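Below, chains carry the letters A, B, ... as their sequence lines are ordered, and counting in each starts from 1. As the structure is a prediction and not an experimental result, all values here were calculated from the model.
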2 protein chains.
Amino acid sequence: MKEGPDISRIAALIGDPARANILTALMSGKALTATELAGEAGVTLQTASAHLAKLQATEMIAARKSGRHKYFTLGGDDVGHVLEALMGLAAGAGHLRTRTGPKDAALREARVCYSHLAGARGIALYQGLLRRGVLQAEGEVIRVTPAGSAFLCDFGIDLDALGRAKAPLCRSCLDWSARQTHLAGSVGRALLTRMQALGWCTRQEGSRVVTFTPAGATAFAQTLG
Amino acid sequence: MKEGPDISRIAALIGDPARANILTALMSGKALTATELAGEAGVTLQTASAHLAKLQATEMIAARKSGRHKYFTLGGDDVGHVLEALMGLAAGAGHLRTRTGPKDAALREARVCYSHLAGARGIALYQGLLRRGVLQAEGEVIRVTPAGSAFLCDFGIDLDALGRAKAPLCRSCLDWSARQTHLAGSVGRALLTRMQALGWCTRQEGSRVVTFTPAGATAFAQTLG
DNA sequence: TAAATGCTTCGGCTAACGTCGAAGTATGAA
DNA sequence: TTCATACTTCGACGTTAGCCGAAGCATTTA
């Protein structure tokens, strides 16, 4: 009866405020978990899960499981293109959002990703360890080199104790603020714990922000970055 | 809380099937009345009126009263851009319309795009006129050559009468089935009208399918294709 | 003037969908 | 193992909004 591809199904998906918020949050190119996206959308986790399932069924977003987390990204460039065009149209029609918060500048700098360090500092840490030969990456598998074991032991981390646990020593984790890999796993957690013990950084209560002291920042840059 | 313009309002407008049909119908660039759009959308006039009011309130379409008719067109190029992007995404996601009945093949072959010929025949017509030097394309602008004027006059089309109307003589129209350009505008309309008058083809009532008679098809191939 | 056509508004009905509580699975941590 | 976290599924509720019949304007035609 009508001609052409069916626009309305896809547009209706974007037409829900919660889903639009989810897609807008993913527009930065960052990978986000379901819980984070639920917060962004302003709905509960159950509701967000239903939305994410619908978006994934139409391939507007892609999911990647990592541990017990599920990371979502946009389905492709064409999806971003549609969203961009819609934003332009909405902006022109005067449907701007009321306010924008400078909240996440600190989050981009340094934050905890469950138990390890993420953000710009986290990426610097991971790349620094690679450059110093402590870690070696083969695809998505990360190993600690023999020289790296000595380095970590010197830093105050008991690799043998970590090795007895079932959890993998090293794991790559995708960063949402820069979409780059940083170090997770028990070694990543131990590094953050050790840095906190050394007084290099402190965690803000009720937030994921990690604050480095001036002395801690310089020590970090010298030793690890 | 959220950043960026509010996509969802506009996307929700496109998300309704009736409104999506209306917008798709207006994609040809032609101005259509409320009654025509109601038919395209498959709803009654009252329902279409409500939809048109909503679309007009957000400036996605523009209205122009002429006598007791109300002609609607797309609000601007950016609206068309959004629709194009959505069509590409919908086509890529495999969300083509479900009912691919026997009409579909006929529609791809030859159909009316409001008032001119589209489909495989429409593309053949356009390319044939280009090859014969009747038309000349410069980017998206199409002009009738001096020799073409004589050709069209010979075919029984009064170019002078068409020139007095406000509508552009020639307009390019993108074909969804083949993603190629075909001829719209008043010349395109006049050509279809003339071919019907010559008995080359007939329109099916209540449908957009155009059926060529065997004699008409050969005449079409000799004269225009 | 009256009749006809094109469009808008009003009222009520219906169906669809977003929402969340609660329970169920899966993975990681202790 | 036992607990905690992350996510999914189920069921029910409630709001929303599309839809059309009928009536109301507005404009053209006879």
(request) Report the distance from atom CG of B:L55 to atom C1' of C:dC7, rounded to the nearest whole Å. (result) 16 Å
(message) Does the Lys NZ or Arg CZ of A:R132 fall within the cation-pi geometry relative to A:F151 - under 6.0 Å from the ring centre and within 45° of the axis?
(response) no
(request) Select from B:E36 and A:Q46 the residue whose nearest nucleotide in DNA chain C is closer to the 5' end of that strand. (result) B:E36
(message) For the CD1 atom of A:I7 and the CE atom of B:M87, what is their distance to the nearest 0.5 Å?
(response) 4.0 Å
(message) Whether A:R19 contacts C:dG18 is assessed here as follows: a side-chain N or O lying under 4.0 Å from the phosphate OP1 or OP2. Is that the case?
(response) yes
(request) Report which part of the nucleic acid A:A48 touches: base, sugar-phosphate, or nothing (heavy-atom distance under 4.0 Å, all strands). (result) nothing
(request) Give the rounded distance in Å between these two atoms: CG of A:L45 and C1' of D:dT9. (result) 12 Å
(request) Calculate, to the nearest 0.5 Å, the distance between atoms OG and CG belonging to B:S8 and A:L23 respectively. (result) 10.5 Å
(message) So, does A:T44 get its side chain near the phosphate of C:dT19, meaning an N or O under 4.0 Å from OP1 or OP2?
(response) no
(request) Send over the distance from B:R64 CZ to C:dG6 P, rounded to a whole Å. (result) 17 Å
(request) Send over the distance from B:L52 CG to C:dC7 P, rounded to a whole Å. (result) 9 Å
(message) If the cut-off is 4.0 Å, is A:H51 near the phosphate of C:dT19, judged by side-chain N/O to OP1 or OP2?
(response) yes
(request) Verify the contact: side-chain N or O of B:K54 to OP1 or OP2 of D:dG18, cut-off strictly under 4.0 Å; return yes or no. (result) yes
(message) Can you tell me if B:T35 touches the phosphate of C:dT5, counting only side-chain N or O atoms and a distance under 4.0 Å to OP1 or OP2?
(response) no
(request) Compare side-chain N and O positions of B:K70 against OP1 and OP2 of D:dT27 and report whether any pair is under 4.0 Å apart. (result) no
(request) To the nearest Å, give me how far apart CZ (A:R68) and C1' (D:dA4) are. (result) 7 Å
(request) Please round to the nearest 0.5 Å and tell me the distance separating atom CG of A:L224 and atom CZ of A:R121. (result) 11.0 Å
(message) Whole angstroms only, please: what is the OH-P distance between A:Y71 and D:dA6?
(response) 10 Å
(message) Quick check on C:dG28: is either OP1 or OP2 less than 4.0 Å from any side-chain nitrogen or oxygen of A:H69?
(response) no
(message) Checking side-chain polar atoms at under 3.5 Å, does A:T33 have a donor or acceptor matched by the opposite partner on A:E36?
(response) yes
(request) Would you classify A:A53 as touching base, sugar-phosphate or nothing, given that sugar-phosphate means primed atoms plus P, OP1 and OP2, and contacts are heavy atoms under 4.0 Å? (result) nothing
(request) Quickly work out the B:Q56 CD to C:dT8 C1' distance and round it to whole Å. (result) 12 Å
(request) Quickly work out the B:D16 CG to D:dT16 P distance and round it to whole Å. (result) 17 Å
(message) OP1 or OP2 of C:dT19 versus the side-chain N and O atoms of A:T47: is any pair under 4.0 Å?
(response) no
